Amino acid sequence: MSATAGRQLLPQHKVSVMSVMVSESTSIQSNTPLFQAAGWVEPRPQAVSVAALAPGVVDELLVVEGQLVERDEPIARLFKTDAALVLRQASANLALRKGELARCEAELKAASIRVEQPVHLEVQLAEANGNLAKIATELARLPFSIEAAKSAESYTKRNWQGKLEAQEGLVGRIVQHAENEHVAASTNLRELIERQPLLQVEVDALQQRVNSIKKQLELLVDEKRQMEEAQAKVDSALATVDEAKVQVEQAQLHLDRMVVAAPIRGRILKLLVSRGARLMGLETNAAQNTSTVAQMYDPSQLQVRADVRLEEVAKVQSGQLVEVRTATTSEVIKGRVLQATSSANIQKNTLEVKVELIDPPESVCPEMLVTATFMSPKVDSQTNKSIASTGVAIPRSLIEISDRGSFVWIVDGNNRAVHREITLDQTSSGELCRISSGLTPTDKLIVQGKETLTDGMSVKIIGEDKTFGTENGE
C-alpha cells in the first residue's frame, strides 16, 4: 500500500477553501480604464425607514413612490379620534389641577396675612384688656362699697332696734320694715365681703389670658403652622399641575404622531403599507418593521454595488476613480471606490465592490442597472505612471498575526494542512491584502474548519467558500 493510499484511509478533517487572487504586472497611464463591471444603484449607505412613532391605523397615504418630499413633510396620516379625546381629557385634568392650585394659593395668602397682621389676636387682646380693666375697677371700688354697706348695716340695725324698743307706740308694719332693711343691709355687706377674693381670682385669670394672648402675638405658633401647611399644599398642587402638564404634552405628542413625517429631504423609494394597515409604533411588543410606512433615499447620496470578477479584485483600491454609465443619461457619472464587501458570488465568480457616486443626476435612482469602468489610480505627477504589483492578494481576515510573524492555513498537494508563514505588502490597505512572499497563485487557502487544525493534518476539501473576509461564512 502506498503512502498516499494510507493517508486516504486516515480520518480526514473537513475544510472549505478559496483560491488566492492574482494581480497582473503592468505599467499603464493614470486614469486609464482597467476593467468594467456590471452593477446596480442603491442608497448610500442604505435606505432610510420612515416609521410611525405611535400605534394606529393608516387613514391616508399622502405620497407616491418616486415623489420628492421635504424634511418633516407629511407622508401618511393615522386615525386620530382616540388621540384627540385623550388630549381633551388631559387638558380638562390640567384645568382642575390649576383650580386646586389657585385655592391653595389663596389659603397661603390668607395665612401669610394672619402672620404679618395678626388682627384676630389683637382683637382678643383688646377684649381681654377691657374685661381686665372692668374687673380691676370693680375690685378697686369694692372697699368703698364695703364701707358703705357697713354704714348702711349699722344704721339699719340702730333704726330697727330703736323701733323695736318703741314697739308699743308704733305700728307693727313699721317695725317689720325696719327689720327687713337691716337684714338686706347685712346681706349686702356679707356679699361684698365674700366677693372680694372672687374678684381677685377673676382679675388674675384675666391677667393670665392677657399675657397668653401677648405671647401668642409674639410667637404666632398656630399662624405660622397654618402658613407652612398652606405652603405645603401649594407645593403639592404645583407638582400635580406639572404632572398634568406632562400628561397634556404626552397626549399632544401622541396626537402629533398621528401624522407620519419625512425624516429627511429625499425621494420615496417604496411604500410598505396601504390604507387600513395597523402600525405598532414604539410599543415594546412590536415586531421588527411593523411600524415602517415607507423607505426613502437622498438623491445626492447614492452608490453602485458592482460585481467585480475575482481576477480583477486585486486592481481595486480604496478611493479609486470609477466612471459609471446608465441608460437613463448620456452623461458619465463620476464615482470612487468606497470598499469591497465581504461576500463573493461563487456562481458568478465575482466580488461586490461599493462605489460612491459623485453628484449623481436626478434621473439616477436606486435599482437601476449600470456599467462601472474602473480607472487606474493616480501616482507621482512626475512620472504619471501606475504600476500594478506582481503577486497575490488574500482577505486580511484569513491572516494570523503573532509575535512569530504572519501565517495562513493552506492545503498542499497531498491534502494536508500547512501553517504557512507569509510576508505582507505594507502598502496594502482595506479588506484585501497583497502578499510579498509565501504564497503562489495555485495555493488554496483554508477558510472554514481551521480552528482545530494542526500542521500536517490530513484534510478533505468539501467545497469552495462563497464568502471571504470572514471565517464563518456569515
Side-chain angles (χ1 to χ4, degrees), residues 49-63 69-124 216 219-265 273-287 289-294:
S49 294
V50 183
L53 301 180
V57 177
V58 178
D59 180 28
E60 185 179 8
L61 290 172
L62 306 175
V63 296
V69 296
E70 299 296 328
R71 181 184 177 90
D72 298 327
E73 184 177 339
I75 299 294
R77 289 193 177 94
L78 309 183
F79 285 100
K80 62 180 183 179
T81 304
D82 292 344
L85 289 176
V86 172
L87 177 59
R88 286 180 58 188
Q89 182 180 15
S91 299
N93 182 56
L94 176 60
L96 288 174
R97 299 305 180 189
K98 286 183 176 179
E100 179 67 17
L101 174 61
R103 186 183 68 81
C104 293
E105 288 176 338
E107 290 184 2
L108 176 60
K109 184 177 180 181
S112 300
I113 292 174
R114 287 169 67 87
V115 171
E116 296 171 0
Q117 302 176 10
V119 178
H120 60 294
L121 292 179
E122 292 174 352
V123 170
Q124 294 178 20
Q216 282 184 295
L219 299 178
L220 297 175
V221 175
D222 291 339
E223 288 71 19
K224 290 179 179 178
R225 175 182 56 79
Q226 292 173 358
M227 186 176 70
E228 290 174 356
E229 289 178 352
Q231 182 64 58
K233 290 181 179 179
V234 169
D235 294 340
S236 177
L238 283 170
T240 57
V241 168
D242 289 340
E243 181 182 14
K245 286 181 179 179
V246 171
Q247 292 175 352
V248 169
E249 292 174 0
Q250 289 176 336
Q252 183 63 59
L253 178 62
H254 186 74
L255 180 60
D256 294 341
R257 286 177 172 178
M258 293 298 102
V259 177
V260 182
I264 63 169
R265 181 186 184 278
V273 298
S274 58
R275 292 187 62 184
R278 177 166 182 79
L279 304 174
M280 298 302 291
L282 298 177
E283 293 185 358
T284 55
N285 59 348
N289 295 329
T290 55
S291 298
T292 305
V293 176

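Here the structure is a predicted model, which means the values were calculated and not measured.
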Locate the shortest heavy-atom distance separating [X] from [Y]; write the atom from each residue and the value.
{"X": "A51", "Y": "V260", "value": "O-CG1, 3.8 Å"}
{"X": "P74", "Y": "V259", "value": "CB-CG1, 3.8 Å"}
{"X": "A262", "Y": "E70", "value": "CB-O, 3.5 Å"}
{"X": "M280", "Y": "P55", "value": "O-CB, 3.6 Å"}
{"X": "A230", "Y": "L108", "value": "CB-CA, 3.5 Å"}

Practice problem: Return yes if a side-chain donor-acceptor contact under 3.5 Å exists between D222 and Q226, otherwise no. | Solution: no

Quiz item: R71 side chain to P263 main-chain N or O, any donor-acceptor pair under 3.5 Å?
Solution: yes

Please list every donor-acceptor pair under 3.5 Å in which a side-chain atom of residues 76-83 meets a protein atom from a residue at least two apart or in another chain.
none

Please tell me if the side chains of [X] and [Y] come closer than 4.5 Å, counting only heavy atoms from C-beta onward.
{"X": "T292", "Y": "V50", "value": "no"}
{"X": "E107", "Y": "K233", "value": "yes"}
{"X": "T290", "Y": "L279", "value": "no"}

Quiz item: Is it the case that more than 12 heavy atoms not belonging to Q89 sit under 6.0 Å from its CD atom?
Solution: no

Exercise. Kindly check if the number of other-residue, nucleotide or ligand heavy atoms within 6.0 Å of CZ (R225) is above 12?
Key: yes

Please list every donor-acceptor pair under 3.5 Å in which a side-chain atom of residues 234-249 meets a protein atom from a residue at least two apart or in another chain.
{"from": "D235", "atom 1": "OD1", "to": "Q231", "atom 2": "NE2", "distance (Å)": "3.1"}
{"from": "T240", "atom 1": "OG1", "to": "S236", "atom 2": "O", "distance (Å)": "3.4"}
{"from": "T240", "atom 1": "OG1", "to": "A237", "atom 2": "O", "distance (Å)": "2.6"}
{"from": "Q247", "atom 1": "OE1", "to": "N93", "atom 2": "ND2", "distance (Å)": "3.2"}

Quiz item: Could you walk me through whether D59 and R275 pass the side-chain contact (heavy atoms from CB on, under 4.5 Å) check?
Solution: CA-CA 6 Å; D59 180 28; R275 292 187 62 184; 3.9 Å; yes

Exercise. Using the side-chain hydrogen bond (donor to acceptor under 3.5 Å, both in side chains) rule, pick out the option among K98, R103, R97 that qualifies with E100.
Key: R103

Practice problem: Rounded to the nearest 0.5 Å, what's the gap from CD1 on I113 to NZ on K109? Could you check? | Solution: 6.0 Å

Practice problem: Kindly compute the distance separating CE (M258) from CG (L253), expressed to the nearest 0.5 Å. | Solution: 9.5 Å

Quiz item: When you look at V293 and L61, which way does the side-chain contact (heavy atoms from CB on, under 4.5 Å) test go after all the steps?
Solution: CA-CA 9 Å; V293 176; L61 290 172; 4.2 Å; yes

